[in-house]
Amino acid sequence: MALATVAAALLAALGGALWLAARRFSGPGGQRMQGGGDRSLMHGKTVLITGANSGLGRATAAELLRLGARVIMGCRDRARAEEAAGQLRQELGQAAGQEPDATEGQLVVKELDLASLRSVRAFCQELLQEEPRLDVLINNAGIFQCPYMKTEDGFEMQFGVNHLGHFLLTNLLLGLLKSSAPSRIVVVSSKLYKYGDINFEDLNSEQSYNKSFCYSRSKLANILFTRELARRLEGTNVTVNVLHPGIVRTNLGRHIHIPLLARPLFNLVSWAFFKTPLEGAQTSIYLASSPEVEGVSGRYFGDCKEEELLPKAMDESVARKLWDISEVMVGILK
Ligand SMILES: NC(=O)c1ccc[n+]([C@@H]2O[C@H](COP(=O)([O-])OP(=O)(O)OC[C@H]3O[C@@H](n4cnc5c(N)ncnc54)[C@H](O)[C@@H]3O)[C@@H](O)[C@H]2O)c1
């Protein structure tokens with residue numbers, strides 16, 4: 001009897017694993033932007049990607065390089081970024097049948113810590129001195145559900161990195177983006193924005209801290225920022241759109257504790273159901289490069305298609321107020 005139960009359990013587990021494997025290999029995994037892609041689509045274009053050394057940012061960089069773009073990786077950790085850049089050059093060189101050195105100038109690493117306004121300013125100053133043009137800015141870097149921490153300037157970490165750091169970065173690079181127009185800004189948000197609110201009375205979460213709420217709030221801020229910026233950029237030929245990538249197998253969950261015994265199950269589930277970084281990066285790549293979205297601005301996308309937003313993400317008065325307060329917080333109030 002006991003033997004029969006064990007055998008049944010094993011059979012069920014095996015069946016489950018096979019079903020998951022079948023799903024993984026035939027599953028949707030997110031719409032691919034292109035099969036093969038036009039290798040000259042991004043030729044002559046310079047793209048800046050924040051957090052380009054891992055996960056979605058790295059996959060986005062790899063694909064845009066393949067499409068001919070020159071990519072600047074804005075990364076917090078220079079050593080990790082150089083390591084990722086070395087691998088990307090290797091992959092690019094192999095794909096083009098060249099030595100990695102031949103692709104040296106196509107990929108540039110620059111230090112950028114979005115948790116430090118000083119670092120963002122220094123990064124932009126150097127970039128503005130060195131780069132004659134910027135065709136695409138991809139605000140991709142992010143931090144997810146970390147314990148309560150503050151940035152160098154005293155902001156709650158998730159709001160500080162995901163929203164304020166990118167807010168300052170974008171504002172300081174707007175002149176270059178305008179002079180390079182037609183140009184594009186792509187903002188990576190998350191569907192979890194739905195669970196956030198912009199609580200203006202406690203943006204630094206000093207009264208209470210809930211890591212899930214603060215992540216969602218920062219991702220709602222990304223959307224409100226995009227919509228307000230699109231309004232301000234009307235008539236400039238600079239577009240800005242925001243996206244959610246789906247659930248993707250990356251390092252984003254580094255602050256989430258999964259009990260040791262539950263890890264194999266988590267790994268199996270994520271392997272079966274989560275997108276790969278390349279699948280997850282498709283909407284970023286699409287918004288950065290596709291002729292289909294030329295001139296489209298202020299919209300929200302998932303799986304390379306426009307999606308509807310909840311009313312709270314379209315509230316113009318909240319978006320304006322957030323913009324005004326963000327200007328004061330990062331010190332660019334004119
Ligand atoms: N993975 C998912 O399921 C998922 C879902 C929805 C949204 N997103 C969003 O996608 C984006 C990319 O995340 P990912 O999943 O590739 O995770 P990831 O952790 O692999 O990549 C995040 C990148 O951001 C960088 N970063 C973090 N703090 C930084 C700082 N202070 N300064 C500069 N760079 C910093 C990291 O170094 C890393 O390169 C994030 O904005 C995230 O919120 C991811």
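Just follow the structure's listing: the first ligand is 1, and inside any ligand the first atom is 1. Remember, it's a predicted structure, so these values are computed and weren't measured experimentally. By convention here, the first residue in the shown sequence is residue 1.
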The closest protein heavy-atom partner of atom 41 (O) of ligand 1 is Asn140 O, 2.8 Å
For Val188, the ligand 1 atoms with a heavy-atom partner under 4.0 Å come out as 9 (C), 10 (O), 11 (C), 41 (O)
With atom 35 (C) of ligand 1 as the reference point, say which of Ala141, Ser189, Pro245, Gly253 has the nearest heavy atom.
-> Ala141
Ligand-side contact atoms (ligand 1) for residue partner Asn53, heavy atom cut-off under 4.0 Å | 37 (O), 39 (O)
Evaluate whether atom CD of Glu308 has more than 12 neighbouring non-hydrogen atoms of other residues, nucleotides or ligands under 6.0 angstrom away.
-> no
What atoms in ligand 1 come closer than 4.0 Å to a heavy atom of Ile247?
-> 3 (O)
Kindly indicate whether the side chain of Leu233, heavy atoms from C-beta on, has any atom under 4.5 Å from the side chain of Val240.
-> yes
For atom 18 (P) of ligand 1, grab the closest protein heavy atom and report residue, atom and distance to one decimal in Å.
-> Ser54 OG, 3.4 Å
Option nearest atom 43 (O) of ligand 1 (shortest heavy-atom distance, choices Phe123, Tyr193, Tyr215, Phe144) = Tyr215
Could you tell me the residue and atom name of the protein heavy atom closest to atom 44 (C) of ligand 1, and the distance to it rounded to 0.1 Å?
-> Leu252 CD2, 3.5 Å
Going by the atom numbers of ligand 1, which of them fall below 4.0 Å from some non-hydrogen atom of Ala115?
-> 31 (N)
Ligand 1 N/O within reach of Leu114 N/O, cut-off under 3.5 Å | yes
Check ligand 1 against Ser190 and write out every atom of the ligand that is under 4.0 Å from a heavy-atom position of the residue.
-> 6 (C), 7 (C)
For atom 22 (C) of ligand 1, state which one of Ala84, Gly55, Gly142 supplies the nearest heavy atom.
-> Gly142
Which heavy atom of the protein is the closest neighbour of atom 15 (O) of ligand 1, given with residue, atom name and distance?
-> Thr250 OG1, 2.6 Å
Using a cut-off of 6.0 Å, state whether more than 12 heavy atoms not belonging to Leu172 lie near its atom CG.
-> yes
Determine whether Val47 and Leu56 fall in the same hydrophobic cluster, where Ile, Leu, Val, Met, Phe, Trp and Tyr are linked whenever their side-chain heavy atoms lie under 4.5 Å apart.
-> no
Set of residues satisfying side chain to side chain contact (heavy atoms under 4.5 Å, CB included) with respect to His43, sequence neighbours excluded | Ser40
Closest candidate by heavy atom, reference atom 19 (O) of ligand 1, pool Met73, Arg254, Lys219, His255 | Arg254
When you check the side-chain N and O atoms of Tyr286 and Glu292, is any donor under 3.5 Å from an acceptor?
-> yes
Can you tell me if Arg89 and Gln106 form a side-chain donor-acceptor pair at under 3.5 Å?
-> no
How far is atom 5 (C) of ligand 1 from its nearest protein heavy atom, and which residue and atom is that?
-> Gly246 O, 3.1 Å
Is there a donor-acceptor contact under 3.5 Å linking the side chains of Ser116 and Glu152?
-> yes
Enclosure of Glu316 CD (heavy-atom neighbours >12, cutoff 6.0 Å) | no
Mind checking whether Val248 has an N or O less than 3.5 Å away from an N or O of ligand 1?
-> yes
With respect to atom 29 (C) of ligand 1, which of Arg76, Arg249, Arg58 exhibits the smallest heavy-atom separation?
-> Arg76
Under the 6.0 Å and 45° cation-pi test, does Lys211 pair with Tyr148?
-> no
Is a side-chain donor or acceptor of Ser189 paired with a backbone partner of Asn222 at a separation under 3.5 angstrom?
-> no
Contact atoms of ligand 1, heavy-atom distance to Asp113 under 4.0 Å | 30 (C), 31 (N), 32 (N)
Between Arg217 and Phe159, is NZ or CZ placed under 6.0 angstrom from the six-membered ring centre and within 45° of the ring axis?
-> yes
The atoms of ligand 1 lying under 4.0 Å from a heavy atom of Leu112, numbered in the order shown, are 32 (N), 33 (C)
Only counting residues at least two apart or in another chain, list the ones meeting side chain to side chain contact (heavy atoms under 4.5 Å, CB included) with Ser326.
-> His163, Leu164, Phe167, Leu322
Do any nitrogen or oxygen atoms of Gly57 come within less than 3.5 Å of a nitrogen or oxygen of ligand 1?
-> no
Atom 10 (O) of ligand 1 - nearest protein heavy atom and its distance = Leu56 CD1, 3.2 Å
N-O pairing of Glu156 and Lys150 below 4.0 Å = no
Numbering the atoms of ligand 1 from 1, which are under 4.0 Å from a heavy atom of Gly51?
-> 23 (C), 24 (O), 25 (C), 39 (O)
May I ask you to identify, for Val161, whether its side chain, its backbone, both or neither come under 4.0 Å of ligand 1 on a heavy-atom basis?
-> side chain
